[in-house]
Protein chains: 2
Amino acid sequence: MRSPEALARRFRETDRKVTPQRIAVFEALDSGPGHSTAEQVHRSVTKNLPTISLKTVYEILRELSELGELVMLDLGTGAVRYDHNLALHHHLVCNECGVVVDVPAHLTDLQLDGVEDLGVSVSTAELVLRGSCSRCNTQDPKQPSNK
Amino acid sequence: MRSPEALARRFRETDRKVTPQRIAVFEALDSGPGHSTAEQVHRSVTKNLPTISLKTVYEILRELSELGELVMLDLGTGAVRYDHNLALHHHLVCNECGVVVDVPAHLTDLQLDGVEDLGVSVSTAELVLRGSCSRCNTQDPKQPSNK
DNA sequence: AACGTGACAACAATCATTGTTGATTAGGGT
DNA sequence: ACCCTAATCAACAATGATTGTTGTCACGTT
């Protein structure tokens with residue numbers, strides 16, 4: 001995702017108003033971790049802007065995704081996640097702690113040539129890995145006392 | 001998935017009762033298309049067993065997935081789909097008509113070696129392709145009058 | 001200073017799914 | 001065959017994420 005300033009410019013260019021709520025969401029996305037849920041963004045934003053409604057956050061996130069400034073991701077974790085990493089990448093969901101790890105596409109090799117034999121055409125490929133993240137991987141080998 | 005008879009046997013072996021509701025769901029799954037939603041299974045089952053509740057269908061489907069007889073799939077289409085294809089495969093969701101096409105794993109080549117560099121370990125890989133199915137592919141090239 | 005447009009918050013509604021409860025039922029041991 | 005207990009079921013309420021509705025309000029424009 002781009003900077004809050006760039007997003008504000010983009011909103012102005014597309015005849016959208018740059019309101020305090022929108023600025024606050026831009027900044028929350030910029031400073032927060034990737035892959036936040038709407039709920040998490042809302043919690044973060046309310047620190048500066050206590051009256052903003054969750055509905056408004058949903059609307060702003062939807063607009064950002066319509067503009068292609070972030071991507072809505074359904075990783076089967078209950079709520080949609082809003083991903084502001086615009087580079088080509090995949091995701092690993094940690095089975096232990098639930099964290100989502102970005103996996104740059106260059107670390108994987110994905111060949112789909114054979115698929116066209118089915119008569120289908122593929123426009124996007126979304127790879128969801130499940131396993132454990134590096135943190136859980138190192139702590140887990142039966143070292144107690146981490147919960 | 002295996003035959004209704006095999007599932008009945010499996011249920012008896014695991015100390016579950018084989019009720020009319022369960023038999024009806026087994027048969028609906030066996031004869032229906034893959035990737036049905038709970039709602040679709042329920043609709044199909046009520047043809048023979050009009051009084052069965054949606055809740056019961058959900059329960060039976062969950063038990064089947066606990067036994068590994070089918071797989072719960074969240075393809076971002078709103079409702080979970082229950083997949084009774086137990087072979088290793090991936091899915092293509094048609095952007096036009098919404099149908100889910102099985103993609104045998106041997107048609108794709110997926111190398112994940114590089115991913116371990118991140119310190120993570122991968123237990124499963126789920127590939128969701130989006131595009132258009134063979135049916136929409138052939139009809140679509142601007143031939144009107146199909147809707 | 002009135003106008004119109006969009007953005008907002010409060011609230012209700014929706015959809016898939018799960019929890020609760022109380023009545024019914026299946027099947028092993030007598 | 002009969003009983004007993006746990007399993008099963010249906011009806012109903014509740015949940016959680018998300019979206020729809022409505023009335024108000026701020027802002028830039030004549």
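The figures here come from the full heavy-atom set of this structure, side chains too, leaving out hydrogens, waters and symmetry mates. Order of the sequence lines fixes the chain letters, A, B, ..., with proteins taken first and strands second; residue numbering starts at 1 for each chain.
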Point to revise | Minimum-distance nucleotide (side-chain atoms of Lys17(B) versus dC9(D), dA16(C), dA7(D)) | key: dA7(D)
Exercise for review: Provide, to the nearest angstrom, the distance between the CD atom belonging to Gln21(A) and the P atom belonging to dA26(D).
Suggested key: 11 Å
Exercise for review: Among dC8(C), dA17(D), dT8(D), find the nucleotide with the atom closest to the side chain of Thr19(B).
Suggested key: dT8(D)
Revision key, fill the gap. What one should report as the nearest heavy-atom pair of Tyr82(A) and Thr37(A) is CD1-C, 4.3 Å
Practice item. Specify the separation, in whole Å, of atom CD1 of Ile52(B) and atom C1' of dA10(D). Key: 10 Å
Review point. Which whole-number value in Å describes the distance from His42(B) NE2 to dA16(C) C1'?
Key: 14 Å
Practice item. Please state how far atom CD1 in Ile60(A) lies from atom P in dT18(D), giving the value in whole angstrom units. Key: 16 Å
Check your understanding: Taking atom types as they are modelled, is there a donor-acceptor pair under 3.5 Å from the base of dG20(D) to the side chain of Lys55(A)?
Key -> yes
Check your understanding: When you check the side-chain N and O atoms of Asn137(A) and Ser132(A), is any donor under 3.5 Å from an acceptor?
Key -> yes
Revision key, fill the gap. Which of dC9(D), dT18(D), dC8(C) is nearest the side chain of Arg22(A)? It is dC8(C)
Check your understanding: Between Thr77(A) and Arg81(A), is any side-chain donor less than 3.5 angstrom from a side-chain acceptor?
Key -> yes
**Study point:** Integer-rounded Å distance: dA16(C) P and Glu59(B) CD
**Key:** 18 Å
Check your understanding: How close or far is atom P of dT19(D) from atom CZ of Arg62(A), stated in whole angstroms?
Key -> 8 Å
Point to revise | Side chain of Thr56(A) - closest among dC8(C), dT17(C), dA10(D) | key: dC8(C)
Check your understanding: In whole angstroms, how far is the C1' atom of dC8(C) from the CZ atom of Arg16(A)?
Key -> 16 Å
Point to revise | Nucleotide dA9(C), atom P - distance to OH of Tyr58(A) in whole Å | key: 15 Å
Practice item. Tell me whether the centres of the aromatic rings in His91(B) and His35(B) are closer together than 6.0 Å. Key: yes
